[in-house]
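Just so you know, these numbers use all the heavy atoms, side chains as well, and skip hydrogens, waters and symmetry mates.
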Amino acid sequence: MSDKQTIEVVRKYPLMDKLIHDREMEIMYPFNPDVDENIGGGRAENKKDESQEKMALKLASDNYLNKLRRQENAVCKVLHQCAVNAEPRRLDDTTYMIIDELYLKERRELTIEGIATRVNISRASVFRRRDAFLEAVKKELKNSK
């Protein structure tokens with residue numbers, strides 16, 4: 001996975017719950033304009049209803065839905081590591097603030113220089129911390145496959 005793809009995954013993170021919900025709705029209630037249940041009579045009365053089992057299988061086996069969940073979990077796990085300082089090297093509160101400003105906010109307020117000034121580190125350190133975060137996300141995505 002390239003850095004560009006990893007950045008896109010991180011940028012989609014705030015929208016991930018909605019993307020997952022939308023995909024689940026697409027699977028559970030597919031749009032089929034050619035089907036009219038009013039034609040041809042009702043449904044069989046004594047037939048065993050297996051629709052719930054089929055739906056659960058469809059949800060569990062959908063590749064795109066599983067991919068979205070893996071991506072959400074990977075970014076969430078690395079952000080959590082930043083929040084609790086689980087990784088002492090470069091994943092800490094400062095990294096969390098950098099990633100939030102660069103990728104998670106709907107509208108960026110600061111440039112790289114502004115972020116560096118606010119957290120009192122050099123511009124190069126901002127880039128190193130960002131790169132460490134992206135590498136950690138890549139590693140999580142690779143491990144979750």
Acceptor/donor pairs from residues 5-15 side chains to any protein atom, 3.5 angstrom cut, sequence neighbours excluded:
| from | atom 1 | to | atom 2 | distance (Å) |
| --- | --- | --- | --- | --- |
| Q5 | OE1 | S2 | N | 3.0 |
| T6 | OG1 | S2 | O | 2.9 |

From T94 atom OG1 to I115 atom CD1, the distance as rounded to the nearest 0.5 Å: 11.5 Å

Note: E113-R123 ion pair, threshold 4.0 Å (strictly below): yes

Closest approach of L110 to E101 (non-hydrogen atoms, all atoms of both residues): N-OE2, 2.9 Å

Verify same cluster id: I20, Y29 (apolar side-chain graph, 4.5 Å): yes

K138 atom NZ, neighbour heavy-atom count above 12 within 6.0 Å: yes

Spacing of CE belonging to M28 relative to NZ belonging to K58, to within rounding of 0.5 Å: 11.0 Å

Reported CG-to-NZ distance for the pair N143 and K77, which is rounded to 0.5 angstrom: 7.5 Å

Expected output: side-chain N66 to main-chain D62 donor-acceptor under 3.5 Å: yes

Test item: M25 and D22 side chains (from C-beta on) under 4.5 Å apart, heavy atoms: no

Inter-residue atom distance K142.NZ - E135.CD, 0.5 Å rounding: 8.5 Å

Point-to-point distance, once rounded to the nearest 0.5 Å, from CG of L65 to CZ of R23: 7.0 Å

D93 and I98, any side-chain heavy atoms less than 4.5 Å apart: no

Shared hydrophobic cluster, F127 / L134 (ILVMFWY, side-chain heavy atoms < 4.5 Å): yes

Minimal non-hydrogen separation, R69 against L59, with atom names: NH1-O, 4.1 Å

Residue pair R70 / S144: nearest heavy atoms and the distance that separates them: CD-O, 3.1 Å

D92 side, atom CG; R129 side, atom CZ - distance, nearest 0.5 Å: 4.0 Å

